[in-house]
Chemist: 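So that we are looking at the same thing, I have put the structure below in structure tokens.
It should be emphasised that the depicted structure is a prediction, and the values quoted were computed from it without experimental measurement.
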Amino acid sequence: MKRTNFIIGILICLLIGNAQESPKKIKDDESVAVLAVVQKKLKTIQTAEIKFSLRTEKDNKTMDIIKGNLWLKGDKYKLQVPAQHIYCDSVNVWSYLPNQNEVSISPYDPSDEENAINPIKLINNYKKYYRSVFVRETTEKGLITQIIDLYPLQKSSFFKVRLVIDKNKSEILRISISEYNGYTYTYGFDTFIKNPKLNNSLFVFNPNQYKDIEVIDMR
């Protein structure tokens, strides 16, 4: 469940072409222009409620598909997948494992790649952490899509983040994370509700609501 802590977000963005310098320069410029439009739309979003699908692949074979929910409000987030619920109130992070009835608590570190779960922050701050490259424009299920890859500028467990963007809406359809160990994790956004009203209590885990829960406090 480690990579479920991405988005994306991280959260939460590549290169097919020849080695000539001038085409590469054009591709780089195009990726920046595309992401600038996406950024402009994302900056209007203060909160979000997202339903997503996470597909895990290794050597181009699907290993697992799970459904999840994500709520975002600034640095606060709540991630819920069947095996793990993660709460972050921008001060602490609670990771609850329902099957073990166990929760671990740690301080929130926005620089930790495990907290790159926020796709809004990923795009708004991508230049600080990634080099972007425009890959190609294609058609998918009747939609014109643009594919952009992000390469981390610092050492990381993954070497590439791929964004698939709806060109007409300038909205992200999918985010894929490719790791050095051969695994690829793809987040598809099934629904993306913009600016819902979210109470701050949503992002705080209350152990008192769980009988006989084991609490591991690492703060």
Side-chain angles (χ1 to χ4, degrees), residues 1 3-14 31 33-57 64-82 84-90 110 113-127 129-130 132 134-135 137-150 158 160-178 184-203:
M1 302 305 300
R3 190 44 58 194
T4 59
N5 293 9
F6 170 73
I7 247 14
I8 187 192
I10 331 179
L11 321 235
I12 145 191
C13 324
L14 343 212
S31 72
V34 170
L35 290 175
V37 179
V38 176
Q39 282 179 316
K40 185 176 180 179
K41 292 197 70 173
L42 288 177
K43 285 179 179 178
T44 66
I45 300 175
Q46 302 299 316
T47 63
E49 181 176 342
I50 302 167
K51 291 185 178 181
F52 65 88
S53 301
L54 171 60
R55 184 174 72 251
T56 302
E57 296 175 289
D64 189 27
I65 298 177
I66 63 172
K67 296 283 188 177
N69 295 277
L70 175 64
W71 295 264
L72 302 170
K73 185 178 183 179
D75 284 338
K76 302 177 179 67
Y77 64 83
K78 177 182 176 182
L79 169 71
Q80 186 171 307
V81 292
Q84 188 178 30
H85 302 170
I86 300 176
Y87 299 71
C88 175
D89 65 353
S90 77
E113 71 174 47
E114 286 305 300
N115 291 318
I117 186 176
N118 190 327
I120 297 173
K121 292 183 67 177
L122 171 67
I123 304 304
N124 285 340
N125 300 296
Y126 82 93
K127 286 185 179 181
Y129 303 104
Y130 301 93
S132 67
F134 187 91
V135 179
E137 187 173 294
T138 186
T139 302
E140 179 180 308
K141 296 181 180 179
L143 297 176
I144 300 175
T145 61
Q146 297 167 311
I147 299 175
I148 292 176
D149 287 349
L150 300 181
F158 59 92
K160 182 176 69 176
V161 177
R162 171 159 289 188
L163 302 179
V164 179
I165 299 167
D166 182 331
K167 181 179 180 179
N168 292 329
K169 292 184 177 181
S170 296
E171 294 179 352
I172 301 169
L173 298 174
R174 292 192 306 278
I175 299 177
S176 295
I177 308 146
S178 299
T184 299
Y185 302 87
T186 300
Y187 294 83
F189 301 121
D190 302 324
T191 63
F192 197 124
I193 301 173
K194 303 170 186 175
N195 296 318
K197 292 183 179 180
L198 301 178
N199 194 294
N200 288 337
S201 61
L202 175 68
F203 307 99

Chemist: Quick one: pull up OG in Ser53 and CG in Asp190 and give me the separation to the nearest 0.5 Å.
Modeler: 3.5 Å

Chemist: Tell me if a side-chain donor or acceptor on Lys41 pairs with a main-chain N or O of Lys169 at a distance below 3.5 Å.
Modeler: yes

Chemist: Could you tell me the separation between the CD atom of Gln80 and the CD1 atom of Ile86, rounded to the nearest 0.5 Å?
Modeler: 11.0 Å

Chemist: As a quick check of understanding, evaluate side-chain contact (heavy atoms from CB on, under 4.5 Å) for Leu70 and Tyr187, giving each step before the final call.
Modeler: CA-CA 11 Å; Leu70 175 64; Tyr187 294 83; over 6 Å; no

Chemist: For the atom pair CD1 (Ile148) and CD1 (Ile165), what is the distance rounded to the nearest 0.5 Å?
Modeler: 4.0 Å

Chemist: Could you tell me whether a side-chain N or O of Thr47 sits under 3.5 Å from a main-chain N or O of Lys197, the two making a donor and an acceptor?
Modeler: no

Chemist: Could you go step by step and tell me if Leu79 and Phe52 meet the side-chain contact (heavy atoms from CB on, under 4.5 Å) rule?
Modeler: CA-CA 10 Å; Leu79 169 71; Phe52 65 88; 3.5 Å; yes

Chemist: Mind checking side-chain contact (heavy atoms from CB on, under 4.5 Å) for Asp64 and listing every partner two or more places apart, or none if nothing turns up?
Modeler: Thr56, Ile66

Chemist: Of the non-hydrogen atoms in Leu35 and Ser132, which two are nearest, and what is the gap between them?
Modeler: CD1-CB, 4.0 Å

Chemist: Sequence neighbours left out, what passes side-chain contact (heavy atoms from CB on, under 4.5 Å) with Thr184? Give chain and number order.
Modeler: Glu57, Ser176, Ser178, Thr186

Chemist: Rounded to the nearest 0.5 Å, what separation is found between the CD atom of Gln146 and the CG atom of Asn168?
Modeler: 9.0 Å

Chemist: Would you name the heavy atoms of Asn195 and Gln46 that are closest together and state the gap between them?
Modeler: OD1-N, 2.6 Å

Chemist: Where do Ile193 and Pro196 come nearest, in terms of heavy atoms and distance?
Modeler: O-CD, 3.6 Å

Chemist: Hey, is the main chain of Glu171 close enough, under 3.5 Å, to the side chain of Asp166 for a donor-acceptor pair?
Modeler: no

Chemist: Are the side chains of Val161 and Ile175 in contact, using a 4.5 Å heavy-atom criterion?
Modeler: yes

Chemist: With sequence neighbours left out, what residues match Glu140 under side-chain contact (heavy atoms from CB on, under 4.5 Å)?
Modeler: Thr145, Val164, Arg174

Chemist: Examine distances only and state if a side-chain atom of Lys73 and a backbone atom of Leu198 form a donor-acceptor pair shorter than 3.5 Å.
Modeler: yes

Chemist: Any idea which heavy atoms bring Asp75 and Ser90 closest together, and the distance?
Modeler: CB-CB, 3.7 Å

Chemist: Of all the heavy-atom pairs spanning Ser170 and Val38, show the shortest one and how long it is.
Modeler: O-CG2, 3.7 Å

Chemist: How long is the span from the OH atom in Tyr87 to the CZ atom in Phe203, to the nearest 0.5 Å?
Modeler: 11.0 Å

Chemist: Working to the nearest 0.5 Å, report the span between CG of Leu173 and NZ of Lys167.
Modeler: 14.0 Å

